[in-house]
Amino acid sequence: MSKPTIEDYYVEDRTFPPPEHFRANAVIADRSLYEEADADRLGFWARQARELVTWFEDFETVLEWDLPFAKWFIGGKLNVSYNCLDRHVEAGRGDRVAFHWEGEPGDTRKITYSELLEEVSKFANVLKDLGVEKGDRVCIYMPMILELPVAMLACARIGAPHSIVFGGFSADSLSDRIDDASAKILITADGGYRRGDHFPLKDTADASVAATSTIENVVVVRRTGQDVEWDETVDHWYHELMETASPDCPPEQLESEDLLFLLYTSGTTAKPKGIMHTTGGYLTQVAFTHKYIFDLQPESDIYWCAADIGWVTGHSYIVYGPLANGATSVMYEGTPDTPRPEFREGARADWPKDRLWDIIQRYGVTQLYTAPTAIRTFMKWGDEEVERSDLSSLRVLGTVGEPINPEAWMWYHKHIGGEQCPIVDTWWQTETGGHMITPMPGVTTTKPGSATHAIPGVVVEVVDDNGDKVEKGGGYLTITEPWPSMLRGIWGDPDRYKETYWSTYPGRYFAGDGAKIDDDGYLWLLGRVDDVMNVSGHRISTTEVESALVDHSSVAEAAVVGATDDTTGQAIVGYCILRGGNEPSDELREEIRQHVATKLGAIARPKAVVLVPDLPKTRSGKIMRRLLRDVAEGRQLGDTTTLADASVVDEIRVRAAETPQED
């Protein structure tokens with residue numbers, strides 16, 4: 001048996017079986033799905049595809065696997081928009097609410113499946129009238145408003161893959177993604193609302209379009225009413241186009257392997273990767289996991305994934321999974337520390353921080369899916385923020401984006417779930433498309449901090465440096481068999497796809513995460529093992545941030561590390577060598593921090609920028625980021641024998657101690 005590669009120190013003995021009252025009414029309360037998948041994995045996925053998805057033409061071949069390229073449900077024809085909308089209306093469920101939407105300023109709207117189908121069909125015709133054809137890429141850069149899922153589903157209806165860019169990203173980030181996808185059209189808004197104020201989007205979109213060459217039209221939703229620059233030859237108001245659009249737009253019959261969307265994720269090189277997800281396999285797995293992992297009972301549940309659609313969590317578990325299953329969901333535009341306007345008294349710091357709990361009480365939310373970063377923030381705000389609201393409607397709690405520490409798990413269990421709600425701690429990635437490792441709430445006995453086991457039909461193994469299986473202890477998480485919602489490649493770069501995901505351990509997908517297996521066979525995720533940082537569940541490349549730092553006119557060289565942070569999981573710390581003639585100052589340090597936000601978006605702004613005389617390098621010139629991480633986390637330094645100048649680290653430690661950090 002192989003020895004563990006990563007040391008295993010933490011032991012968790014607390015266990016939580018599914019409550020009996022929950023098991024009695026659960027969608028699944030036994031291990032039959034696991035047993036079925038173990039006996040015939042492909043037969044299992046074929047049954048899920050036929051039961052959960054409506055096909056215009058049935059598929060003939062379940063899987064064609066030419067490592068590392070997979071094709072699922074070959075010969076089948078379907079349409080994701082039809083599966084999310086039309087079939088529910090045809091079955092008499094058109095009056096069911098699809099989304100209860102709430103804006104940060106307190107405005108609300110509910111939209112039924114029939115109404116959503118009409119709006120999607122009209123916007124699909126708008127896209128066609130603007131020259132969008134099957135296969136054309138459509139870029140979407142929007143706040144969390146209902147027009148965002150409308151745009152996604154309209155693209156899916158006509159077979160035009162969408163590429164959504166998170167609304168917090170900068171003009172450079174947006175233009176990079178437009179260029180890489182050769183997007184034909186951009187859908188955006190004048191702005192959105194966040195932390196009690198509006199923010200601009202159209203200005204950023206304009207700067208991006210000016211820096212690219214493929215965008216022919218820009219569709220703009222009027223959300224805030226703020227003034228925007230307008231180019232009559234390119235810009236179109238959403239509401240004006242919709243006024244004359246026909247609501248009749250039959251869905252295209254698409255192949256199972258037709259591209260559904262691109263979603264860009266950071267890599268270990270500066271260029272983001274366009275992750276490709278196709279139609280039939282993706283929809284099958286997100287529908288399956290949404291149904292069984294959240295114990296969905298669509299006739300009565302009010303489900304809420306409190307993520308942003310700009311990330312994969314929102315694609316899979318706000319839009320495609322819930323709508324395919326006919327769920328009623330909540331969608332919220334703003335931040336959890338911004339109350340409704342009538343409760344905004346005094347200074348902003350004194351406002352109640354209970355918007356999420358207020359929403360759960362008012363809508364009767366039954367499932368809440370959020371990030372460990374958010375949970376740790378709620379803990380910091382105090383129990384009293386939670387105690388003002390009645391959360392007894394909740395049945396299932398979920399976590400996503402990063403491993404959850406046991407203390408946060410227990411707080412979530414006690415204060416949000418009232419010690420009555422199973423917690424599904426889900427591990428998956430942009431690349432996997434849907435859940436891969438997670439408890440099933442009516443089946444699995446959980447442990448605080450453990451994602452427990454792979455879902456039925458997914459095969460994972462922890463391996464050591466040599467690729468040998470680790471039975472107990474720590475190592476590297478790999479996936480050994482293809483799965484339906486897996487990425488089909490990196491847009492325009494099959495070689496990078498092979499190199500990034502399949503070259504480390506031949507024949508295995510390497511997820512880039514460390515994991516350990518405990519005495520009971522439970523999986524524990526240990527976080528990233530490469531130089532991609534996980535900040536509040538968002539993967540950010542060190543290379544991209546370093547490039548943005550060096551882009552500042554005063555910076556000669558930079559190195560970035562992700563340091564452990566109690567709130568965000570990891571925090572970005574940048575170490576910068578200044579160009580000659582520049583003197584270190586707090587003002588310059590802050591200017592450099594803000595420059596990164598301008599280049600990449602606020603999510604990538606370092607928590608601290610340390611201005612240093614030099615960086616710790618080996619004799620060959622390689623920067624030893626491990627030592628910078630030790631400094632950032634206040635640890636005793638590791639081995640420094642290979643450094644060209646060991647005294648550099650002592651000076652860096654002094655400078656770091658003197659450097660202020662963002663709150």
Side-chain angles (χ1 to χ4, degrees), residues 4-19 22-23 26 28 31 33-34 289 292-295 313 367-376 379 396-417 419-429 432 434-463 469-479 511-529 534 537 564 566 569-570:
T5 297
I6 300 174
E7 290 84 355
D8 179 8
Y9 296 114
Y10 183 82
V11 176
E12 176 58 72
D13 294 324
R14 291 170 292 188
T15 59
F16 295 85
F22 187 92
R23 284 176 58 92
I28 183 81
R31 295 193 57 81
L33 290 174
Y34 294 94
T289 49
Y292 288 104
I293 304 308
F294 295 109
D295 190 62
T313 301
Q367 291 97 341
L368 175 64
Y369 194 32
T370 190
T373 294
I375 295 166
R376 289 189 289 267
M379 292 171 66
V396 178
L397 302 177
T399 68
V400 59
E402 61 195 302
I404 182 169
N405 53 302
E407 294 77 13
W409 194 103
M410 290 300 299
W411 185 90
Y412 199 32
H413 171 69
K414 178 180 179 181
H415 293 279
I416 308 305
E419 301 182 336
Q420 298 295 311
C421 300
I423 295 177
V424 290
D425 172 6
T426 64
W427 178 86
W428 58 297
Q429 301 174 307
T432 72
H435 296 159
M436 301 292 280
I437 302 171
T438 174
M440 281 196 169
V443 179
T444 311
T445 294
T446 55
K447 294 185 179 186
S450 170
T452 70
H453 310 290
I455 66 168
V458 166
V459 185
V460 303
E461 289 181 355
V462 176
V463 300
K469 184 177 179 181
V470 173
E471 300 287 352
K472 179 182 178 300
Y476 306 107
L477 181 63
T478 67
I479 305 170
D513 281 345
K516 71 176 184 179
I517 302 173
D518 69 14
D519 290 341
D520 300 319
Y522 279 58
L523 281 160
W524 297 73
L525 276 300
L526 301 177
R528 306 297 304 166
V529 297
N534 194 327
T564 300
D566 289 342
Q570 284 188 307

What residues form a ring-ring contact (aromatic ring centres under 6.0 Å, His included) with Trp409, not counting sequence neighbours? Phe16, His413
Mind checking the OG1-CD1 spacing from Thr444 to Ile423? Nearest 0.5 Å is all I need. 13.0 Å
A side-chain contact here means heavy atoms from C-beta on lying under 4.5 Å apart; do Leu523 and Ile517 qualify? yes
Test of understanding: with salt bridge (Lys or Arg N to Asp or Glu O under 4.0 Å), list the residues that count as partners of Asp520, not counting sequence neighbours. Lys447
With side chain to side chain contact (heavy atoms under 4.5 Å, CB included) as the test, would you mind laying out the steps for Ile416 and Trp411 before giving the verdict? CA-CA 8 Å; Ile416 308 305; Trp411 185 90; 3.7 Å; yes
Using distance only, find each side-chain donor-acceptor pair of residues 452-461 under 3.5 Å and give its atom names and separation, not counting sequence neighbours.
from	atom 1	to	atom 2	distance (Å)
Glu461	OE1	Arg508	NH1	2.8
Glu461	OE1	Arg508	NH2	2.8

Among all residues two or more places apart in sequence or in another chain, which pass the side chain to side chain donor-acceptor pair (under 3.5 Å) test with Thr426? Tyr369
Heavy atoms only: give me the nearest Pro18-Pro441 pair and the separation to one decimal. CB-O, 3.3 Å
Do you know the tightest heavy-atom contact between Val400 and Pro372? O-CD, 3.2 Å
Residues which pass side chain to side chain donor-acceptor pair (under 3.5 Å) with Thr445, listed by chain and number, not counting sequence neighbours: none
For a side chain to side chain contact (heavy atoms under 4.5 Å, CB included) check, start with the C-alpha distance between Trp524 and Glu12, then their side-chain angles and the critical distance, and finish with the verdict. CA-CA 10 Å; Trp524 297 73; Glu12 176 58 72; 3.3 Å; yes
Out of curiosity, Asp519 CG to Lys472 NZ, how far, rounded to the nearest 0.5 Å? 4.5 Å
Under the rule for side chain to side chain donor-acceptor pair (under 3.5 Å), what residues qualify as partners of Thr438, not counting sequence neighbours? none
In chain order, what residues pass the ring-ring contact (aromatic ring centres under 6.0 Å, His included) check against Tyr412, with sequence neighbours excluded? none
Which atom of Pro19 lies closest to which atom of Pro422, heavy atoms considered: CD-CG, 3.9 Å
For Ala408, side-chain contact (heavy atoms from CB on, under 4.5 Å) partners two or more places apart: Ile375, Arg376, Met379, Ile404, Asn405
Do you know the tightest heavy-atom contact between Pro448 and Met410? CG-SD, 3.7 Å
Rounded to the nearest 0.5 Å, the NZ atom of Lys414 sits from the CD atom of Gln420 at a distance of 13.5 Å
Find out whether Arg31 and Val443 are in side-chain contact, i.e. whether some heavy atom of one side chain is under 4.5 Å from a heavy atom of the other. yes
Residue set satisfying side chain to side chain donor-acceptor pair (under 3.5 Å) with Thr313, at least two apart, ordered chain then number -> none
Heavy-atom nearest pair, Pro439 first then Val424, reads O-CG1, 3.5 Å
Matching residue for His435 among Trp428, Trp427, Tyr292 - test: side-chain contact (heavy atoms from CB on, under 4.5 Å): Trp428
Which residues satisfy the salt bridge (Lys or Arg N to Asp or Glu O under 4.0 Å) test with Asp295, sequence neighbours excluded? Arg395
Atom pair CG (Asn534) and CG (Asp513), whose distance is rounded to the nearest 0.5 Å: 8.0 Å
Looking at every non-hydrogen atom in both residues, tell me the closest pair between Gly537 and Glu402 and how far apart they are. N-OE2, 3.6 Å
Should Leu525 and Leu477 count as side-chain neighbours, where that means a heavy-atom distance under 4.5 Å? yes
